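Structure record follows, encoded as structure tokens.
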Amino acid sequence: MVMMERQLSAQAAAPLLSVQGLSRYYGARIGCKDVSFDLYPGEVMGIVGESGSGKSTLLSCLAGHQRPDAGGLSYNGVDVLALSEAERRRLLRSDWAYVHQNPRDGLRMGVSAGGNVGERLMAVGARHYGQIRDTATDWLGRVEIAAERIDDRPSAFSGGMQQRLQIARNLVTAPKLVFMDEPTGGLDVSVQARLLDLLRGLVRDLGLSVVIVTHDLAVVRLLADRLMVMKSGHVVEAGLTDQVLDDPQHAYTQLLVSSVLQV
Ligand SMILES: Nc1ncnc2c1ncn2[C@@H]1O[C@H](COP(=O)(O)OP(=O)(O)OP(=O)(O)O)[C@@H](O)[C@H]1O
């Protein structure tokens, strides 16, 4: 037991996720190439770049949705690429979460809002119906969905509500690492701003470690501690978010930043 505690405290100073030389090809085409970074507990890493730069490919390799062709990936010191399918699924259920851009990809549309949140709790062992419903109600409140909507299906919700429900479904099991793919994309600007505020509060309150992909620099400015800029599958610049955005070194990052300023 003491040894386990020692191991855990040693891990607190170690990276949660460690990525080395990750590459993924689609035939001869580069999806992403030679990406390396460490993500520490409680840290938010933003990945930005134009369409086709490799953000989604990288995120799906990190989250275990596709297998990289080369490179290493370890989580809490465990070699993720060496896990069996069953072990990987357990990790995805217990420690990781994935927020899709389109809430329909991350929700079960035929199941009530409460059921969408509750079934995640059941997947990690919760059995007491009353407690599951109470926790689901609490989480609906945290994402600003009225408790009276608990039995409604997501199809009766607005896009912003659906996205907030997807976030509740993902965070209810207290994951340590959350992958987010354009979580505010496809929403009205005013809805985006509110959702972003909500996400920022949750990330801070829960001390989440996050890898977030977006093409929106305002999203990373608000959420990300660090930033990686991708172009044609490669990371062309990386650093603290404010540093990269206020003083971009690479010509492509300068272009990204200045094109936002001109809008
Ligand atoms: N399933 C696939 N088959 C073949 N090539 C693919 C596939 N998915 C992505 N690619 C290619 O890999 C490269 C990176 O694409 P990716 O979707 O990762 O970029 P992205 O930055 O996420 O773009 P977007 O912001 O538009 O989603 C592109 O050249 C793309 O054409």
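Only a predicted model underlies this, so the values are computations on that prediction, with no experimental measurement involved. Start at 1 and go down the list; that is how both ligands and their atoms are numbered.
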Problem set entry | Contact check: Gly31 vs ligand 1, nitrogen or oxygen atoms, below 3.5 angstrom | no

Distance-only polar pair, side chains of [X] and [Y], donor-acceptor under 3.5 Å:
X	Y	result
Glu50	His215	no
Gln66	Tyr26	yes
Asp95	Tyr75	yes
Thr253	Glu237	yes
Ser18	Asp38	yes

Give the residue and atom name of whichever protein heavy atom lies nearest to [atom], and the separation in Å to one decimal.
atom	answer
atom 21 (O) of ligand 1	Lys55 NZ, 2.9 Å
atom 29 (O) of ligand 1	Arg29 CD, 3.3 Å
atom 14 (C) of ligand 1	Gly52 O, 3.4 Å

For this session: Can you figure out which of Ser56, Ser60, Gly54 has its heavy atom closest to atom 19 (O) of ligand 1?
Result: Gly54

What atoms of ligand 1 come closer than 4.0 angstrom to any heavy atom of [X]?
X	result
Thr57	14 (C), 15 (O), 16 (P), 18 (O)
Ser53	19 (O), 20 (P), 21 (O)
Ile30	12 (O), 13 (C)

Tell me whether ligand 1 is touched by [X] - counting only heavy atoms on the residue side and a distance under 4.0 Å.
X	value
Leu59	no
Glu50	yes
His215	no

Exercise. Do Val48 and Leu222 share a hydrophobic cluster, counting only Ile, Leu, Val, Met, Phe, Trp and Tyr and linking them when any side-chain heavy atoms are less than 4.5 Å apart?
Worked result: no

Exercise. Are Leu16 and Val210 connected in a single hydrophobic cluster, I mean Ile/Leu/Val/Met/Phe/Trp/Tyr linked by side-chain heavy atoms less than 4.5 Å apart?
Worked result: no

